[in-house]
Undergrad: 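Below is a structure I'd like to ask you about.
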Amino acid sequence: MKERVAYCCPRCGGKLVRGGKPGAAATGGAVGALIGAVFSGVVCKNCQTTYERSELPQAERRRLMWQNVGFIAAAIALLVGVVVLMSYRSRW
């Protein structure tokens, strides 16, 4: 089966990964890490070049946008799940 590369570097063709903000995970926990991933840029693993979303091809920007929607939905679901769990736990 062919491996699907998520995003390709426009300069060297290497793999692009999300830059991430390590402070977001420390201050906001899992929800902070998910929201931080949405607003971070992408970095090439090979040449270490940071790219803004506007520098990527249209197809990759679209895939990145849908992945961001998934991250935000996961963050909201996680937050709602914690609130519901804590409200049930307070009734015990």
Undergrad: Once you round to the nearest 0.5 Å, how far does SG of C9 lie from CD of Q48?
TA: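 Rounded to the nearest 0.5 Å, the SG-CD separation comes to 10.0 Å.
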
Undergrad: Holding to side-chain hydrogen bond (donor to acceptor under 3.5 Å, both in side chains), I want the full list of residues that pass it with R61, two or more places apart in sequence or in another chain.
TA: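 Partners of R61 by the side-chain hydrogen bond (donor to acceptor under 3.5 Å, both in side chains) criterion, ordered by chain and then number, come out as Q58.
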
Undergrad: Within the structure provided, determine whether V42 and L56 are in side-chain contact (heavy-atom separation under 4.5 Å).
TA: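 Yes, close enough: below the 4.5 Å cut-off.
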
Undergrad: Can you list everything that forms a side-chain hydrogen bond (donor to acceptor under 3.5 Å, both in side chains) with Q67? Sequence neighbours excluded, please.
TA: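 So Q67 forms a side-chain hydrogen bond (donor to acceptor under 3.5 Å, both in side chains) with Y7, R18.
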
Undergrad: Output all residues satisfying side-chain contact (heavy atoms from CB on, under 4.5 Å) with T49, sequence neighbours left out; order by chain, then residue number.
TA: R11, C47, Y51

Undergrad: Report, one line per pair, each donor and acceptor closer than 3.5 Å where one atom sits in a side chain of residues 74-84; sequence neighbours left out.
TA:
none

Undergrad: With ILVMFWY side chains joined below 4.5 Å, transitively, what does V69's cluster contain besides itself?
TA: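 Its cluster mates, by chain and number, are M65, W66.
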
Undergrad: Applying side-chain contact (heavy atoms from CB on, under 4.5 Å), name anything that partners E52, two or more places apart in sequence or on another chain.
TA: S54, E55

